[in-house]
Amino acid sequence: MAWAALRPVVKACIGGSLIGLTISDRYFSFAAVHGDSMRPTFEGSADGREYALVKRSPLYDYSRGEVVVLASPVDHQRKTIKRLIGLPGDWVSLPDKEEVRKIPEGHCWVEGDNGGVSRDSRAYGPVPLGLVQGRVTHVVWPPSKMGRVDKRVPSEGRVMPQRNL
């Protein structure tokens, strides 16, 4: 008798959970922001009090200046948030090293907005596009910082886009 009363509730909960997982996995998710590497775009904190909305995108549907979530190239279990600076075929200037590097096919160049503390492509080189999991579109928590995450392209001359000849 008790099971008959609970059955519709349990069925709705299981169905809702499956739909939620599908939407989360395919269309969007949330990411906690940790650390100082993306200041001032994100404040970040050790306890992850800032959250961002992540829109899942097809593998090659990204553009320069977007903030993306990716699996860390050094530890694939960890997610990291960085700004997409260069795309396959682009040339990226590294002012600190007085060096220019070409981004190979299937890779991208990512950097934190706070270069002094960010561990990014300047340290580990180009990142496979397959590690990019989505684009960050909005800050959703805390309410005082809620809003759109702006696209910001690096300063003139830092990135030389591939030319289609």
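Computation of the quantities below employed the complete heavy-atom set of this structure, encompassing side-chain atoms and omitting hydrogens, waters and symmetry-equivalent molecules. Source: prediction; values computed, not measured. Residue numbers run from 1 in the order of the sequence given.
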Could you tell me if the side chain of [Y] sits less than 4.5 Å from the side chain of [X], heavy atoms only?
X	Y	answer
F42	V136	yes
M38	V67	yes
K79	S72	no
R56	Q133	yes

Return the [atom1] to [atom2] distance between [X] and [Y], rounded to the nearest 0.5 Å.
X	Y	atom1	atom2	value
K102	H107	NZ	NE2	13.0 Å
M146	W141	CE	CH2	7.0 Å
T41	E50	OG1	CD	9.5 Å
L131	L70	CG	CG	6.5 Å
E99	S93	CD	OG	9.5 Å

Can you give me every donor-acceptor pair (side chain of residues 116-127, partner residue at least two apart or in another chain, under 3.5 Å) with its distance?
{"from": "S118", "atom 1": "OG", "to": "K82", "atom 2": "NZ", "distance (Å)": "3.1"}
{"from": "S118", "atom 1": "OG", "to": "G112", "atom 2": "N", "distance (Å)": "3.2"}
{"from": "S118", "atom 1": "OG", "to": "D120", "atom 2": "OD2", "distance (Å)": "2.8"}
{"from": "D120", "atom 1": "OD1", "to": "R122", "atom 2": "N", "distance (Å)": "3.0"}
{"from": "D120", "atom 1": "OD1", "to": "R122", "atom 2": "NE", "distance (Å)": "3.0"}
{"from": "D120", "atom 1": "OD2", "to": "G112", "atom 2": "N", "distance (Å)": "2.9"}
{"from": "D120", "atom 1": "OD2", "to": "R122", "atom 2": "NE", "distance (Å)": "3.4"}
{"from": "D120", "atom 1": "OD2", "to": "R122", "atom 2": "NH2", "distance (Å)": "2.5"}
{"from": "S121", "atom 1": "OG", "to": "V110", "atom 2": "N", "distance (Å)": "3.0"}
{"from": "S121", "atom 1": "OG", "to": "V110", "atom 2": "O", "distance (Å)": "3.2"}
{"from": "S121", "atom 1": "OG", "to": "G125", "atom 2": "O", "distance (Å)": "3.0"}
{"from": "Y124", "atom 1": "OH", "to": "R119", "atom 2": "O", "distance (Å)": "3.4"}

Checklist line | Hydrophobic cluster identity match, V153 and I85, side-chain contacts under 4.5 Å | finding: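 No, because V153 and I85 fall into different hydrophobic clusters, even though each may have its own neighbours under 4.5 Å.
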Checklist line | Main-chain N/O of D36 paired with N114 side-chain donor or acceptor, under 3.5 Å | finding: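 Looks like yes, one N/O pair under 3.5 Å.
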Item checked: side-chain contact (heavy atoms from CB on, under 4.5 Å) assessment of F30 paired with L53 -> CA-CA 5 Å; F30 298 97; L53 179 67; 3.6 Å; yes
Margin query: Going by side chain to side chain contact (heavy atoms under 4.5 Å, CB included), name the residues that satisfy it together with Q77, two or more places apart in sequence or in a different chain.
Written below: D75
Kindly write out the residues that satisfy side chain to side chain donor-acceptor pair (under 3.5 Å) with [X], not counting sequence neighbours, or none if the list is empty.
X	answer
K145	none
R135	S57, E66
D90	R64

Check: If you take all heavy atoms of S37 and I81, which pair is closest and at what distance?
Finding: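 Closest approach of S37 to I81, heavy atoms only: OG-O, 4.3 Å.
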Item checked: All salt bridge (charged side-chain N to carboxylate O under 4.0 Å, His left out) counterparts of E98, not counting sequence neighbours ->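 Testing E98 for salt bridge (charged side-chain N to carboxylate O under 4.0 Å, His left out), a comparison that skips the adjacent residues, returns none.
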